[in-house]
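Everything below concerns the one structure shown next.
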Amino acid sequence: TTRSWDFLGLEHNGFVPKSSLWKKARYGENAIIGNLDTGVWPESKSFSDEELGPIPPKWKGICQKGLDSSFHCNRKLIGARYFNKGYGAAAGPLNSTFDSPRDNEGHGSHTLSTASGNFVPAANVFGFGNGTAKGGSPRARVAAYKVCWPPIDGNECFDADILAAFDIAIHDGVDVLSVSLGGSPAPFFNDSVAIGSFHAIKHGIVVVCSGGNSGPADATVSNVAPWEITVGASTMDREFPSYVILGNKKSFKGQSLSAKALQIGKFYPLVSALDAKAANASAADALLCKPATLDPKKVTGKILVCLRGQNARVDKGQQALEAGAVGMILANNELTGNEIIADPHVLPASHINYNDGINVFTYINSTKSPKGYITPATTKLGTKPAPFMAAFSSKGPNTVTPEILKPDITAPGVSIIAAYTEAQGPTNEEFDKRRISFNSISGTSMSCPHVSGIVGLLKTLHPDWSPAAIKSAIMTTARTRDNQMEPLLNSSNFKATPFSYGAGHVNPNGAMDPGLVYDLSFNDYLNFLCALRYNATQIEMFSEKPYKCSKKISLTNLNYPSITVPKLSGSIAVTRTLKNVGTPGTYRARVENQAGISVSVEPKSLKFKRVGEEKSFTLTLKAKNPKAAKDYAFGKLIWSDGTHYVRSPIVVKAA
Amino acid sequence: TPTFAIKKSYVVYLGAHSHGPDFSPLLDSERVTQSHYEFLGSFLGSHEVAKEALFYSYTRHINGFAATLEEEVAAEIANHPRVISVFLNKGRKLH
């Protein structure tokens, strides 16, 4: 990506300071990052193997070319496989083009290069966002596991293939698995990603998953197992402004990556998609500029104003162009609020927020001959506030185990520029014949590999840390303030909560030295399953040996880096254990309280004399009165020795 | 008139393998796959029918298989004490 690592503090204007996790972790040297996705475009410069040494000897994977003789691996892209039998079971017989790990969609190349692409100078999208593209672990090796194919009823990746890929990836020897896909939350052992990642962490593999794009509604987060790192999406300090100027001289700042621009200074007739409705189309569909809903006679030569639905990245531009529009204004609905996304449209276009959209529609409805203009897009850095949560980013609470806060963390996931397939145009629209090496896309799919890349760095720096220790380090060092030192906001300018950002915005330099971690072993997860009432016979099927559930089991006492009590009745004592992974020191507890809940910590200080030493504490939560915290209340626990700040969100709701 | 039950694809999850440290991908995988055929065959009536229905045998770390089954057979398999879960091979979305 060309900006996000700077925004995350790993570099500054291309300069990498000695204190950067990149330098300390040798850019993720020899970590192996696997990606379950749409495959990979092997010709991308992000995956060239210049200056890389031999493939790590522990690697047991293969380059499964299938029937694609042009596909190749190298010392960077050390493995590729494809899994299509589960897809075939749903789709019917598959032709020979399905026998390849090649990425014909773009998503897999984008996510894999975000996690671990090489440095590639002069990467940009039609000149916008120009910079050196970099992955989070640029010197790590990568392996692509293609499990996603053209959609069937909107779904691309099937459980049977996902499970097959996990099974083989564990065997191949990956250190990190990046999984930017998901479905509706289900009990853990009816969920292929939860099952696969459960087996992966047993072998020390960290699994990073996207939380989903079903926000901003509550309880929409997916990939909610406690052994997964679940990632939300937020913005960074880069914009691609393109102004919408109306005939009444009002102007609104939108976002765009349109390669084409309108004739400078010329105003064009403006038409609402609703007014351009085809005779047989519904008003609601026309307003969204859905296929075959627009009347070309009403659109030709005009700037068309379309309403955005849940998904910004649909073929509205193609519909507008086909109907004869010269430009398009994409206006948010109320739910998507202020979240505006720069996309590479097929015509001059600008995406504007909800309030500005209302102004544009009001102007059209109140003017006899409405006119407008869209200024060419530009690249602007250092914007404020940043980050703020993306409206699309799925939110907690966790619907499977509400005692585990999800998502765990947020990372950049809006307008991310990374490698792309050259089998598709940048809009993935049918008649977009353009081909570009790098593209800008948005989603929790894009934030997930940022965290995967950071995990790769931590794996190189701390090879002895467990997956839970790495997750704890990432979570307890996260930030909950933006670049104006104000609390993180959502896309409607309200204060966001841990249900949006988990522990906060990822802070890679902090994660390399967290001081203390909340560690978990595989047995702790088995105890967690005991608490979910899996019986001894079932637990033995995972543990491969007799396993006895300990007597005192409670879901709230899983040694998780965040603390969630969804049904507080009276008071509850929650226990946690901290492990020293830093220097000897005395840590003191501080609680940022939440309305209606009293929180006390015992003991209030913990003295660590050596590395690896573990100390436990109890956090007692009490509702101040029966009416307190009827809705979720949010606070924070911070352990600090004056140098390290080990932060945990506290989320409580009274029963 | 014969009626045909609708078949769907399912994942049958059996937990973990207890391969020893000298796991041989070729030999042990083959042994595991045969055991999956046998297990499924006990519900479908024969090893051969099982071979036709089963399209993935997870042999390395995850113990389980994916097969095309009738709903009633899937429900029957789910009740077997060796089985942790049986679930539909559903589609998931890219995020």
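The sequence lines fix the lettering, A, B, ..., with proteins before strands; numbering per chain opens at 1. This structure is a prediction, so every number in the text was calculated from the model and none was measured. The basis for the numbers below is simple: all heavy atoms, side chains too, and nothing from hydrogens, waters or symmetry mates.
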Just verifying a value: how many Å separate B:Tyr56 OH and A:Lys85 NZ, rounded to the nearest 0.5 Å? 6.0 Å
Rounding to 0.5 Å, atoms CZ (A:Phe198) and OH (B:Tyr13) come to a distance of 6.0 Å
How close do B:Gly15 and A:His199 get, counting heavy atoms only, and between which atoms? O-CE1, 3.4 Å
Pair count under 4.5 Å, heavy atoms only, with chain B: among A:Ser543, A:Gly212, A:Ala200, A:Ser394, highest is A:Gly212
Taking every heavy-atom pair that is under 4.5 Å apart, which of A:Asp161, A:Thr111, A:Asp37 has the most such pairs with chain B? A:Asp161
Output side-chain donor-acceptor pairs under 3.5 Å for residues 60-68 of chain B, partner residues at least two apart or in another chain, one line each.
unit_1  : atom_1 : unit_2   : atom_2 : d
B:Arg60 : NH1    : A:His171 : NE2    : 3.0
B:His61 : ND1    : A:His203 : NE2    : 3.2
B:Asn63 : OD1    : B:His36  : NE2    : 2.8

Quick check: are there more than 12 heavy atoms from other residues, nucleotides or ligands sitting under 6.0 Å from CD of B:Glu76? yes
What residues of residues 43-53 of chain B sit under 4.5 Å from chain A when only non-hydrogen atoms are counted? none
Residues from residues 77-85 of chain B approaching chain A under 4.5 Å (heavy atoms): B:Pro81, B:Arg82, B:Val83, B:Ile84, B:Ser85
Is B:Tyr58 close to chain A through its backbone or its side chain, or both, or neither, when contacts mean heavy atoms under 4.5 Å? both
Where on A:Ser192 is there a heavy atom nearer than 4.5 Å to chain B: the side chain, the backbone, both, or neither? both
Side chain, backbone, both or neither: which part of A:Ser210 has an atom under 4.5 Å from a heavy atom of chain B? both
Using a cut-off of under 4.5 Å on heavy-atom pairs, state which of A:Lys60, A:Glu540, A:Met541, A:Gln538 scores highest against chain B. A:Met541
Chain B shares the most heavy-atom pairs under 4.5 Å, among A:Gly443, A:Ser180, A:Ser222, with A:Ser180
Quick check: under 4.5 Å, non-hydrogen atoms only, which of residues 87-95 of chain B neighbour chain A? B:Phe87, B:Leu88, B:Asn89, B:Lys90, B:Gly91, B:Arg92, B:Lys93, B:Leu94, B:His95
Side chain, backbone, both or neither: which part of A:Lys202 has an atom under 4.5 Å from a heavy atom of chain B? side chain
Sub-3.5 Å donor-acceptor pair from the side chain of A:Asp167 to the main-chain atoms of B:Thr59, do we have one? yes
Would you mind telling me which of A:Tyr87, A:Phe83, A:Tyr534, A:Phe166 has the largest number of heavy-atom pairs within less than 4.5 Å of chain B? A:Phe83
Given a strict heavy-atom distance threshold of 4.5 Å, which part of A:Asn223 is in contact with chain B: side chain, backbone, both, or neither? side chain
Structural part of A:Ile152 lying under 4.5 Å from a heavy atom of chain B: neither
